[in-house]
Amino acid sequence: MEITQEELNERVALLKKFRSLLEQQRNKFQEYLEVLEKQQNSITAEDPDSLLAHTELEQQVVKNIANLQKVIIPMSRMYKASGNNNSADNESISMIQNELTDLQNKVLKQNEINRDLLRVHIDNIRTQIKNFNNPYKNAASVYAQKQTVATLVAVEA
């Protein structure tokens with residue numbers, strides 16, 4: 001079966017767009033991994049401001065990845081349906097997808113490490129709070145000194 005030049009051009013354009021989207025997603029995952037690694041440093045340094053900034057940045061990157069995924073899935077279906085049999089193109093797409101899978105696994109591992117660090121940190125803070133000795137706990141308030149108060153009131157008419 002002979003394909004027309006127009007069909008070939010459509011397939012090439014589809015391939016380029018698909019590859020571009022996969023590369024964007026790979027870059028976003030790489031960015032996410034870097035954010036998670038910096039977040040780990042913020043957790044160990046007990047820097048709440050940096051941790052908050054990294055968490056906000058992390059949410060943005062995850063949102064971008066989700067948006068890219070919404071486009072990549074239909075694009076992947078279109079690419080497979082187009083019947084592109086060029087082995088070099090298929091190999092480059094497979095290579096990018098393998099890199100994406102590796103990055104996803106690294107992100108999941110780093111995310112787990114950060115969660116464990118946070119869990120330990122929160123437990124340490126809870127222990128410190130529990131062991132905190134309030135020196136004023138059993139002391140009487142200086143404003144609540146005991147004074148005798150009259151119980152009878154004399155009323156004259």
State, to 0.1 Å, how close [X] and [Y] come at their nearest heavy-atom pair, and which atoms those are.
| X | Y | answer |
| --- | --- | --- |
| L103 | R26 | CD1-O, 3.4 Å |
| V35 | H54 | CG1-O, 3.6 Å |
| I43 | N114 | CD1-O, 3.7 Å |

- Note on the structure: Across all chains, not counting sequence neighbours, the salt bridge (Lys or Arg N to Asp or Glu O under 4.0 Å) partners of D102 are none
- Task: Quick one: list whatever passes salt bridge (Lys or Arg N to Asp or Glu O under 4.0 Å) with E31, sequence neighbours left out.
- Result: K28
- Applying salt bridge (charged side-chain N to carboxylate O under 4.0 Å, His left out), which residue pairs with at least one partner in residues 126-136 are found, sequence neighbours left out? D123-R126
- Using the salt bridge (charged side-chain N to carboxylate O under 4.0 Å, His left out) rule, collect all pairs that involve residues 43-53, keeping only residues at least two apart or in two chains. none
- Message: Consider side-chain hydrogen bond (donor to acceptor under 3.5 Å, both in side chains). Of R115, Q39, Q40, which one does Q110 pass it with?
- Response: Q40
- Query: Is it true that K109 and E112 have a side-chain N and a carboxylate O under 4.0 angstrom from each other?
  - Reply: no
- Same apolar cluster (I L V M F W Y, side chains within < 4.5 Å links), V71/V62: yes
- Say you draw a straight line from CG of L57 to CG of L52; how long is it, rounded to the nearest 0.5 Å? 11.5 Å
- Message: As an exercise, state the distance from CD1 of I113 to CG of L118, rounded to the nearest 0.5 Å.
- Response: 12.5 Å
- Would you please test E37 and N41 for side-chain contact (heavy atoms from CB on, under 4.5 Å) and show each step? CA-CA 7 Å; E37 288 170 351; N41 295 336; 5.8 Å; no
- Message: When you measure from the side chain of N111 to the backbone of V107, do you find a donor-acceptor pair of N or O atoms at a distance under 3.5 Å?
- Response: no
- Listed partners of F29 passing ring-ring contact (aromatic ring centres under 6.0 Å, His included), at least two apart: none
- Message: Contact between I96 and F18 at the side-chain level, heavy atoms closer than 4.5 Å - yes or no?
- Response: no
- Query: So do N124 and V120 actually touch side chain to side chain, heavy atoms under 4.5 Å?
  - Reply: yes
- Message: Which Ile, Leu, Val, Met, Phe, Trp or Tyr residues join I129 in one cluster when any pair of side-chain heavy atoms under 4.5 Å counts as a link?
- Response: I125
- Message: Within the 3.5 Å criterion, strictly below it, is a donor on Q69 or Q25 matched to an acceptor on the partner's side chain?
- Response: yes
